Amino acid sequence: MFELETSHAILLVLCLFAVCAFEFVNGFHDTANAVATVIYTHTLKPWVAVIWSGTWNFLGVFFGGITVAMGIVNLLPVETLVDQNISHSIAMVLSLLLTAIFWNLLTWYLGIPCSSSHTLIGSIFGVGLAFSFLPEASGDALNWAKVEETGLSLLISPLFGFSVTIILMFILRSATKKTEAGDALFKEPKKNQPPPWWIRSILFITCTLVSFFHGSNDGQKGVGLFMLVLIGIVPGYFALNGAENVTALPATLVKMEQVLVTVDSTALSKPDRKTLDTMLYYVNDLKAHFAQTTTAESIEKAKKFEVRKDIMVLDRNLRALMKKEEVRLSEVDKEKLTAGLVDLRKVTDYSPTWVLLFISCSLGIGTMIGWKRIVKTIGEKIGKEHLTYAQGASAEFVAASTIGLSSYLGMPVSTTHVLSSGIAGSMVASKGIKNLQADTVRNILIAWLFTVPVVVIMSGGLFLLFRAIF
């Protein structure tokens, strides 16, 4: 299998199975984010809701693009961590996967709406930090620019969900004050009785949107993990998009070289001059690789990871260099370099259809199982009153909008925290801060604060242990 020894082939299959298991756990862990409101407002029967949500999670992964997936792959510079020892790649993959699965299962069992995104990204962060302590570590073990961008996204999204839901609730109350619609929206649902058809339609649509965008964001994290495993363990087959036509790339690289040689190196610091020289070397190296081929598939297996590394390092360093004031480039020249990098990244940023199918099925099936614990927390334990139609619709609309926008921008967000904070915001909008259940909010905040440091230590420790064993 992929020219691997039997033991390594078995470990590869186990790693891929673990990715599917992570996405499966993610499905039943996060199902409540989409179905809690429609269940607690009697809009849909529980099993109808979870099957419907599972279907749209499946579609979200399959048709939601791969921008978020590539963000996960690029968070951990695999070209820095991976060497010729396949066992080291397996150690990297297993440590972050086992940590993420364990923490997701533990918080699900305790009924705490914990973020799968925090868990996964914390696990990746732990592996990167642990690698930096190894004697053979060279270069950045983490893409720090991407870490900062991702961390900011995960921090802001729940605050955004909380605040915007309060504003939306205020607008709804003001717009429907003293009307029949307002009375219906802000009343507690009648026991075992579905809401009026128009309210039911709104809640049905918001449930569908949260499910789809959950797939397009959280599901794509599984795609990114799957690709991380394949690139790390069998780079000769998956480091590059073999189907990508590369005949135009030599000309693109010539244009990039023409721009770079015009940079006045005397105005740069010594490290920046060295970076510029290195980038010119990578441009020439890539020209040589692409000169005699029409598709990336034609590049020798042994050279594919080298080509990927050249592209990724070139992209990361060149974008950083262009931001420096000392690098005086015209806007036209910057556009040429940026366009060239975009063309090059088409060779590295991809996901085979069969990978999307595996993750889609894992998330979709997982969505239909194990939803009751978290649903109960969201529906009953965040606020002191039963969820009203207005609260459910507002929280889900804000969650769907936030997750959808984040997916479009390629930013991972926590579906759990966005919706939980939205529910909390809707409760505060009704009767103030006293309407929140302190114990539940405290548990959610504790999980939010401790998830990253705990999984960083766990994944980093496992990585060092597995490196020693393997």
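The model shown is predicted, which means the values in this text are computed figures rather than measured ones. Count residues from 1 along the sequence. All values below were derived from every heavy atom in this structure, side-chain atoms included, with hydrogens, water molecules and symmetry-related copies excluded.
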Does NZ belonging to K334 count more than 12 external heavy atoms closer than 6.0 Å?
yes
Are more than 12 heavy atoms, taken from residues, nucleotides or ligands other than Y282, located less than 6.0 Å from that residue's OH atom?
yes
Side-chain donor/acceptor pairs under 3.5 Å, residues 350-358, sequence neighbours excluded:
from, atom 1, to, atom 2, distance (Å)
Y350, OH, F238, O, 3.0
Y350, OH, L240, O, 3.2

Taking side-chain contact (heavy atoms from CB on, under 4.5 Å) as the test, write out the residues that go with A267, two or more places apart.
D264, R328
To the nearest 0.5 Å, what is the distance between CE (M256) and CG (L249)?
10.0 Å
Tell me which pairs pass side chain to side chain donor-acceptor pair (under 3.5 Å) where either residue lies in residues 317-327, with sequence neighbours left out.
D315-R319
So, the side chain of T338 versus the backbone of E335: is there a donor-acceptor pair under 3.5 Å, distance only?
no
Between I66 and M227, does the side-chain contact (heavy atoms from CB on, under 4.5 Å) criterion hold? Intermediate values first, please.
CA-CA 11 Å; I66 60 167; M227 292 306 298; over 6 Å; no
V456 and G122: which non-hydrogen atoms are nearest, and at how many Å?
CG2-O, 3.3 Å
Rounded to the nearest 0.5 Å, what separates atom OG1 in T119 from atom CG in L96?
12.0 Å
Taking only residues two or more places apart in sequence, or in another chain, which ones meet F466 in a ring pair (Phe, Tyr, Trp, His ring centres under 6.0 Å)?
F470
Per-pair distances, 0.1 Å, donor-acceptor, side chain in residues 161-168, under 3.5 Å, sequence neighbours excluded:
from, atom 1, to, atom 2, distance (Å)
S163, OG, L159, O, 2.9
T165, OG1, G161, O, 2.6

CZ of F58 to CD1 of I359, rounded to nearest 0.5 Å, is 11.5 Å
Suppose we screen for salt bridge (Lys or Arg N to Asp or Glu O under 4.0 Å). Which residues come up paired with K287, at least two apart in sequence or across chains?
E257
Rounded to the nearest 0.5 Å, what separation is found between the OG atom of S401 and the CG atom of L405?
8.5 Å
Are the side chain of S53 and the backbone of V50 linked by a donor-acceptor contact shorter than 3.5 Å?
no
Closest heavy-atom pair, V61 versus Q220, reported as atoms and distance to 0.1 Å, is O-NE2, 2.8 Å
Please enumerate all residues that pass side-chain contact (heavy atoms from CB on, under 4.5 Å) together with T295, with sequence neighbours excluded.
E297, S298
Which residues satisfy the side-chain contact (heavy atoms from CB on, under 4.5 Å) test with T99, sequence neighbours excluded?
S123, V455, M458, S459, L462
Can you list the residues that meet the side chain to side chain donor-acceptor pair (under 3.5 Å) rule with T294, with sequence neighbours excluded?
none
A21: partners by side-chain contact (heavy atoms from CB on, under 4.5 Å), with sequence neighbours left out:
I101
If the condition is ring pair (Phe, Tyr, Trp, His ring centres under 6.0 Å), which residues does W52 pass it with, not counting sequence neighbours?
W56, F204
Salt-bridged, D343 to K346, with N to O below 4.0 Å?
yes
Once rounded to the nearest 0.5 Å, what's the spacing between atom OG1 of T278 and atom CG of D272?
11.0 Å
Donor-acceptor contact present, side-chain T293 to main-chain F290, <3.5 Å:
no
Y237: ring pair (Phe, Tyr, Trp, His ring centres under 6.0 Å) partners, not counting sequence neighbours
F2
Rounded to the nearest 0.5 Å, how far does CD1 of I403 lie from OG of S407?
7.5 Å
Could you tell me whether the side chain of E23 and the main chain of S362 form a donor-acceptor pair under 3.5 Å?
no
